[in-house]
Amino acid sequence: MTVQYQVRDGVAVITLDHPPVNGLGLGIRIGVAERLSQALDDAAVKAIVLAGAGRAFSGGADIREFGTPGALQEPSLHTVITSIEAAAKPVVAAVHSVAMGGGLELALGCHYRVAARGTQIALPEVNLGLLPGAGGTQRLPRAIGLEAALNMIVSGRTLKAEALAGTRLFDEIVEGDVLEAAVGLARRVANQAGAHPRVRDLKVEHENAEAYLGFARTTVAANAGPFPAPARCVDAVAASLKTFEQGIEAEREGFDYLLGTPESRALRHAFLGERAASKIPDVSADTPARPVAKVAIIGAGTMGGGIVMNFLNAGIPVTLLEMKADALERGVATIRRNYENSAKKGKLTQQEGDARMGLLSTTLSYHDIRDADLVIEAVFEEIGVKETVFRTLDEVMKPGAILASNTSTLDVNRIASFTKRPQDVVGMHFFSPANVMRLLEVVRGEHTAGDVLATVMQLAKKIRKVAVVSGVCDGFIGNRMLEQYSRQAGFLLDEGALPAQVDRAIEKFGFAMGPFRMIDMAGNDIAWAIRKRRAIEQPEFNYSKSGDLLCEMGRFGQKAGAGWYDYKPGDRKAYPSKLVNDMIVQHSKDLGIERRQISDEEIVGRLVYALVNEGAVILEEGIASKASDIDMVYLNGYGFPKFRGGPMLYADQVGLFNVAQAIRRYARGYQGHAWRIAPSLQKLAEAGRGFNE
Ligand code: T1G
């Protein structure tokens with residue numbers, strides 16, 4: 001963590017050098033403040049340039065530092081920026097690659113700014129549940145105008161530097177060496193008489209600010225959902241119409257408020273958790289990845305087709321293998337139709353769609369995929385079929401090819417045992433629709449090699465997935481937790497709730513879809529098959545019988561036109577079903593259960609804490625290596641509300657003492673044997689700690 005200093009012909013160059021993105025943590029802030037004083041005190045120095053080493057000018061405040069003492073220690077970013085602005089000698093920012101958040105605010109405090117064409121510019125704090133807290137809400141409107149600044153700050157959108165040419169944000173936008181250009185500008189202004197230009201001295205002009213801001217507030221209120229930051233961003237930017245001091249005060253008030261909100265903690269947790277997930281404790285970060293220039297997918301069904309699109313979208317050629325020509329044609333036609341639909345919606349051009357289709361080749365023969373670097377099978381979910389596929393792959397594929405299974409329920413170690421190269425076998429569990437859902441569970445078998453995992457994690461980033469490593473167990477991380485969640489949903493029906501009430505309660509909590517609407521969409525027969533298997537393998541792992549009764553009525557869900565809910569042809573809306581509700585009430589009678597009123601709070605507690613408790617056991621078993629991995633699974637694959645940060649972070653925010661108390665209460669109730677509190681949860685609760693601390 002350093003700040004370099006070098007004087008070249010009277011120009012002091014101060015360089016931020018804190019990989020990976022020059023995050024403005026306390027050490028860097030102290031370094032800049034000290035180097036600035038050094039330059040101001042050195043009579044030989046006539047002008048100053050502020051630059052960033054490596055891949056960014058600066059990615060902003062150090063997100064990892066939030067919530068630690070360092071974040072609040074002086075010199076704050078505001079102090080550093082104020083010192084730059086007050087400097088008697090001109091300070092020129094040399095901005096390249098990335099200037100975001102506090103990084104852009106730092107540049108805004110300089111007297112001049114030179115940017116390299118293509119530099120990514122943003123004040124994305126709203127994506128972390130914050131607002132720009134180092135003058136960005138006051139200086140950006142002064143530099144680019146009220147509306148452009150408000151749009152950037154409320155949306156958190158990234159622009160290229162050249163999109164802001166012609167504004168006071170940049171004095172020059174250059175193609176070549178931005179440092180040379182900045183030093184040149186510094187020399188030219190070094191002897192300029194009078195004060196150097198300060199963005200804070202500019203006025204914010206708008207012919208009808210109140211009306212515009214009123215419109216902005218209404219729009220933001222309609223779109224912000226549970227997040228408080230967007231509205232606070234509008235308030236802070238609106239204050240830029242007042243004096244600079246008043247505006248800074250308003251900004252500080254908004255920032256301090258937002259920093260303490262659970263929503264911001266959740267969003268910062270998601271940001272860091274996504275990136276932490278790619279770090280595998282026992283696989284070193286510098287493990288060389290195997291090259292993946294060509295991918296083969298086996299199976300042109302819904303999952304196979306979706307998986308293919310991920311790689312085509314990333315510009316990676318794919319060979320799609322099927323056993324039957326008509327299935328292959330159907331699969332390719334679906335992929336083509338998806339791109340055509342995206343083009344119609346303007347998400348990509350027809351040319352881009354065609355280019356992606358151009359990367360796809362098809363075959364009916366394993367021989368044609370033998371030199372692929374990675375092959376992913378998405379064939380029928382039955383162990384015999386997988387065995388045939390993997391024995392063939394073992395024969396055909398070149399040495400060093402990665403053999404991946406998209407299985408969601410089968411044992412990856414068993415699958416690996418069908419080959420003579422278990423070290424090359426890994427699970428890549430995509431979530432339907434595979435080209436949309438961001439989650440990828442990477443299932444490491446007992447023998448899966450470290451470089452195979454490193455390769456898949458790197459590839460996941462390229463295909464824009466959030467990859468989480470799971471050990472081998474029934475259901476890996478997500479589905480294993482979902483089983484406990486589904487059990488509680490069924491037990492709640494036995495005791496007195498109805499499907500619509502359970503769904504409404506958990507959707508009010510923030511889930512995209514409640515358990516009964518979800519299983520109606522996925523197919524009740526699939527859950528039925530899992531329960532039948534479980535009844536043989538783990539009889540003590542019982543469920544409510546209501547799900548079986550439903551399937552015996554042939555109500556498999558949307559695809560059957562009836563499930564927990566009634567459906568009308570062509571209408572995906574779920575209508576509460578009197579027939580099903582009567583069956584549930586009758587079933588309680590048959591069980592001799594006196595149905596009772598169940599509160600939404602109990603519904604949410606039993607569903608969410610079922611996830612949390614199983615998550616704790618998953619951590620104890622080492623199936624997941626960190627609590628944030630479990631949260632990333634639920635945020636990116638199961639519709640857990642983003643503003644709550646995932647089941648484990650939510651439990652931390654509730655307090656594990658309270659979670660443990662609730663679990664003990666549930667354990668005294670109906671089917672209480674399902675609630676065996678995880679020892680690690682109990683221990684953390686007693687220590688007053690959380691999963692993510
Ligand atoms: N702080 C700490 N680490 C950061 C970071 C940051 N601001 N930005 C990135 N990293 C780490 C990231 O965790 C990863 O670490 C590595 O850099 C590469 O990131 C006062 C309060 C800059 C566009 O919101 O959008 O300033 O996993 O994988 O795809 O007003 O990172 O390698 O150990 O994303 O090339 C506002 C967030 C902060 C920018 C680079 N700034 N970062 O993307 O790489 S709040 C942001 C990004 C603030 C002030 C406020 C992207 C990127 P590791 P990466 P990338």
Side-chain angles (χ1 to χ4, degrees), residues 1-9 11-25 27-29 31-32 35-36 39 47-63 77 80-81 84-85 87 90-125 132 134-136 139-140 143-144 148-149 152 156-190 197 199 275:
M1 179 188 305
T2 51
V3 176
Q4 313 287 0
Y5 183 81
Q6 189 194 32
V7 180
R8 297 161 43 176
D9 303 335
V11 175
V13 179
I14 299 174
T15 305
L16 310 178
D17 189 3
H18 174 35
V21 294
N22 297 328
L24 299 168
I28 289 288
R29 301 197 304 269
V32 172
R35 298 282 180 251
L36 180 68
I48 298 158
V49 167
L50 185 61
R55 60 195 277 193
F57 172 73
S58 168
D62 188 335
I63 301 170
L77 192 50
V80 171
I81 292 169
I84 290 171
E85 209 168 41
V91 184
V92 182
V95 172
H96 74 90
S97 308
V98 167
M100 289 191 176
L104 181 58
E105 293 174 300
L106 188 61
L108 278 163
C110 296
H111 303 114
Y112 304 90
R113 284 158 297 283
V114 179
R117 178 173 286 277
T119 300
Q120 294 183 75
I121 302 292
L123 287 181
E125 288 85 343
R139 289 190 179 89
L140 192 64
I144 67 172
M152 274 186 77
R157 189 174 305 126
T158 299
L159 294 178
K160 291 269 192 287
E162 51 272 24
L164 294 161
T167 69
R168 301 294 297 270
L169 184 55
F170 295 116
D171 301 277
E172 286 178 31
I173 292 176
V174 298
E175 292 287 355
D177 184 333
V178 67
L179 182 57
E180 281 316 307
V183 169
L185 173 58
R187 285 217 181 86
R188 291 196 299 278
V189 299
V199 170
R275 290 155 179 84

(Q) For V13 and Q4: C-alpha separation, side-chain torsions, deciding distance, then whether side chain to side chain contact (heavy atoms under 4.5 Å, CB included) applies. (A) CA-CA 8 Å; V13 179; Q4 313 287 0; over 6 Å; no

| query | Could you go step by step and tell me if V174 and E180 meet the side chain to side chain contact (heavy atoms under 4.5 Å, CB included) rule? | reply | CA-CA 10 Å; V174 298; E180 281 316 307; over 6 Å; no

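The side-chain heavy atoms of E125 and P132, taken from C-beta on, include a pair separated by under 4.5 Å. Two residues are said to be in side-chain contact when any heavy atoms from C-beta on lie closer than 4.5 Å; D62 and H18 meet this criterion. Two residues are said to be in side-chain contact when any heavy atoms from C-beta on lie closer than 4.5 Å; V49 and R8 fail this criterion. No side-chain heavy atom of V98 sits under 4.5 Å from any side-chain heavy atom of V21. The shortest distance between side-chain heavy atoms of V80 and L36 does not fall below 4.5 Å. Between R168 and V199 the shortest side-chain heavy-atom distance does not fall below 4.5 Å. With contacts defined as side-chain heavy-atom distances shorter than 4.5 Å, the pair V178/E172 does not qualify. Side-chain contact between I63 and R275 is absent, with no heavy atoms from C-beta onward closer than 4.5 Å.
For the residue pair P90 and A190, the shortest heavy atom distance occurs at CG-CA, 4.0 Å. The heavy-atom pair separating A47 from A186 by the smallest distance is CB-O, 3.6 Å. Of all heavy-atom pairs spanning A181 and V114, the tightest one is CB-CG1, 3.9 Å. Between L108 and A143, the closest heavy-atom pair is CD2-CB, 4.0 Å. Considering all non-hydrogen atoms of both residues, G101 and L123 come closest at O-CD2, 3.5 Å.
At least one donor-acceptor pair under 3.5 Å links the side chain of R29 to the backbone N or O of L24. Side-chain N or O atoms of D17 include none that pairs as donor or acceptor with a backbone N or O of T2 at under 3.5 Å. In this structure a side-chain-to-backbone donor-acceptor pair under 3.5 Å is present from R113 to L169. Between the side chain of T158 and the main chain of A122, no donor-acceptor pair closer than 3.5 Å is present. No side-chain donor-acceptor contact under 3.5 Å links H96 to the backbone of A115. In this structure, the side chain of H111 engages the main chain of V91 through a donor-acceptor pair within 3.5 Å.
L50 CG to Y112 OH: the interatomic distance, rounded to the nearest 0.5 Å, is 15.5 Å. Between the CD1 atom of I28 and the CZ atom of R35 there is a distance of 10.5 Å, given to the nearest 0.5 Å. Atom CD1 of I84 sits about 7.5 Å away from atom CD1 of I14, to the nearest 0.5 Å. Residue F170 holds its CZ atom at 6.5 Å from OG1 of T119, rounded to the nearest 0.5 Å. One finds the CG atom of L104 at 11.0 Å from the CZ atom of R139 (value rounded to the nearest 0.5 Å). For the atom pair CZ (F57) and CG (N22), the distance works out to 8.5 Å, reported to the nearest 0.5 Å.
Residues passing the side chain to side chain donor-acceptor pair (under 3.5 Å) test with Q6, sequence neighbours excluded: none.
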